[in-house]
Amino acid sequence: MAEYETVTLERDIACVPARLFHVMTDRDLRQTWSAPDDESVVIIDTFDCRPGGREETRCGPKEAPEFNTVGVFHVVTPGFLSFTETLVVGGRTMSIALCSHEIAESGAGSRLRVTLQITSLAGADLFDDYRGGWSAALDNLAALAAGPRPS
C-alpha cells in the first residue's frame, strides 16, 4: 500500500540567486553537492536539465551505488525548478516524488525552499531517509554555492 508525505526544507544561502541556480543545474556541481556524506556518491549518467529533459543517477555507498533514480524535469527557470523522481532499488520502484525548488532573493543572498511530495511504496520509514538525505545535500549545496568559485 502507498504512503504519502510532504517534506519542506528551507535554506538561506550566501550567494545571489543566479549563482544558486547555476550550482543546482550544472551536472558536475550537482554530482558534488548531491551526496549526503563522504561515504556516499551520486553518479549522474544522463543529464538534460530542460523541460522534458531527463536525469538518471546511481547513488548510495561509494563502493556499491545500488540506488537508481530517474527524473524528468518539468519547469526549469531561475526562480523555480521542478522535477519528478522515481527511486528504484533492485528493479523495484520504492518511491515517486515531485521535487519543487523555489529560489528567491533574500537578505542573506538567496532563500531556497524545497518541497518534496513523496509517494512511498516501501513504507513510511522511507520518509526519514528522504528528509535526512535531502537535508544533508542542501547543506552541501549551500556551502558550495556560498564558497569561492573555482578558478
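Because only heavy atoms are used, hydrogens play no part in the values below, and waters and symmetry mates are left out as well, while side chains stay in.
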**Item:** Residues Thr32, Val23; criterion side-chain contact (heavy atoms from CB on, under 4.5 Å); working and verdict
**Value:** CA-CA 10 Å; Thr32 300; Val23 173; over 6 Å; no
**Item:** Those residues that, when tested against Arg131, pass side-chain contact (heavy atoms from CB on, under 4.5 Å) (two or more places apart)
**Value:** Glu5, Val7, Asp128
**Prompt:** Is Asp38 salt-bridged to Lys62, cutoff N-O under 4.0 Å?
**Reply:** no
**Prompt:** Would you say the side chains of Arg11 and Ser135 form a donor-acceptor pair under 3.5 Å?
**Reply:** yes
**Item:** Spatial distance of atom CD1 (Ile13) from atom CG (Leu144) [nearest 0.5 Å]
**Value:** 10.0 Å
**Prompt:** Is Glu56 atom CD crowded by more than 12 heavy atoms from other residues, nucleotides or ligands, each under 6.0 Å away?
**Reply:** yes
**Ala146: partners by side-chain contact (heavy atoms from CB on, under 4.5 Å), with sequence neighbours left out** = Ala14
**Request:** List the steps and the verdict of salt bridge (charged side-chain N to carboxylate O under 4.0 Å, His left out) for Glu105 and Arg111.
**Result:** CA-CA 6 Å; Glu105 193 170 337; Arg111 177 78 173 165; over 6 Å; no
**Asked** Who else is in the cluster with Met1 when I, L, V, M, F, W and Y are joined by side-chain contacts under 4.5 Å?
**Response** none
**Sub-4.5 Å side-chain heavy-atom contact between Leu112 and Met24** = yes
**Message:** Is there a side-chain contact between Thr25 and Leu81 in this structure, where contact means two heavy atoms from C-beta onward sitting under 4.5 Å apart?
**Reply:** yes
**Message:** Measuring from atom CZ of Arg113 to atom CD1 of Ile103, what distance do you get when rounded to the nearest 0.5 angstrom?
**Reply:** 14.0 Å
**Request:** Check whether the side chains of Thr115 and Ser100 place a donor and an acceptor atom closer than 3.5 Å, and report yes or no.
**Result:** no
**His22 vs Leu20 side-chain heavy atoms within contact, under 4.5 Å** = no
**Request:** Determine yes or no for a side-chain-to-main-chain donor-acceptor pair under 3.5 angstrom, with Ser40 supplying the side chain and Pro36 the backbone.
**Result:** no
**Message:** Please check this pair: side chain of Gln31 against backbone of Ile44, looking for a donor-acceptor N/O pair closer than 3.5 Å.
**Reply:** yes
**Asked** What is the distance from atom CZ of Phe127 to atom OG1 of Thr6, rounded to the nearest 0.5 Å?
**Response** 9.0 Å
**Request:** Output, in order, the C-alpha distance, side-chain angles, deciding distance and verdict of side-chain contact (heavy atoms from CB on, under 4.5 Å) for Ile118 and Tyr4.
**Result:** CA-CA 6 Å; Ile118 308 158; Tyr4 307 91; over 6 Å; no
**Message:** Using every non-hydrogen atom in the two residues, find where Ala35 and Asn140 come nearest and quote the distance to one decimal.
**Reply:** O-ND2, 2.7 Å
**Request:** Would you check if the side chain of Arg54 reaches a backbone N or O of Phe73 as a donor-acceptor pair within less than 3.5 Å?
**Result:** no
**Item:** Beyond-backbone contact of Phe21 with Val76, side-chain heavy atoms, under 4.5 angstrom
**Value:** yes
**Under 4.5 Å side-chain linkage, directly or through intermediates, the cluster mates of Ile43** = Val41
**Prompt:** Mind checking what makes side-chain contact (heavy atoms from CB on, under 4.5 Å) contact with Asp48, not counting sequence neighbours?
**Reply:** Arg50
**Request:** Enter the distance from Leu138:CG to Ser34:OG here, rounded to the nearest 0.5 Å.
**Result:** 9.0 Å
**Prompt:** Shared ILVMFWY cluster between Val70 and Phe47, side chains joined below 4.5 angstrom?
**Reply:** no
**Message:** Under a 4.0 Å threshold between the charged nitrogen and the carboxylate oxygen, would Glu66 count as salt-bridged to Arg58?
**Reply:** no
**Prompt:** Is any side-chain heavy atom of Glu39 closer than 4.5 Å to a side-chain heavy atom of Glu63?
**Reply:** no
**Request:** Output the distance between atom CG (Leu141) and atom CH2 (Trp33), rounded to the nearest 0.5 Å.
**Result:** 5.0 Å
**Item:** Closest non-hydrogen atom pair between Phe67 and Gly60, with its separation
**Value:** CD1-CA, 3.8 Å
**Asked** Does a side-chain heavy-atom distance below 4.5 Å link Val114 with Trp134?
**Response** yes
**Message:** A side-chain contact here means heavy atoms from C-beta on lying under 4.5 Å apart; do Val72 and Phe83 qualify?
**Reply:** no
**Prompt:** What closest approach, in Å, do Arg19 and Ala145 show between heavy atoms, and which atom pair accounts for it?
**Reply:** NE-O, 3.3 Å
**Request:** Identify the heavy atoms of Ser110 and Pro17 that sit nearest to each other, and give their distance.
**Result:** OG-N, 3.0 Å
Validation: residues 90-99 side-chain donor-acceptor distances under 3.5 Å, sequence neighbours left out:
{"from": "Arg92", "atom 1": "NH2", "to": "Leu121", "atom 2": "O", "distance (Å)": "3.2"}
{"from": "Ser95", "atom 1": "OG", "to": "Tyr130", "atom 2": "OH", "distance (Å)": "2.6"}

**Prompt:** Are a donor atom and an acceptor atom from the side chains of Ser82 and His101 found within less than 3.5 Å of each other?
**Reply:** no
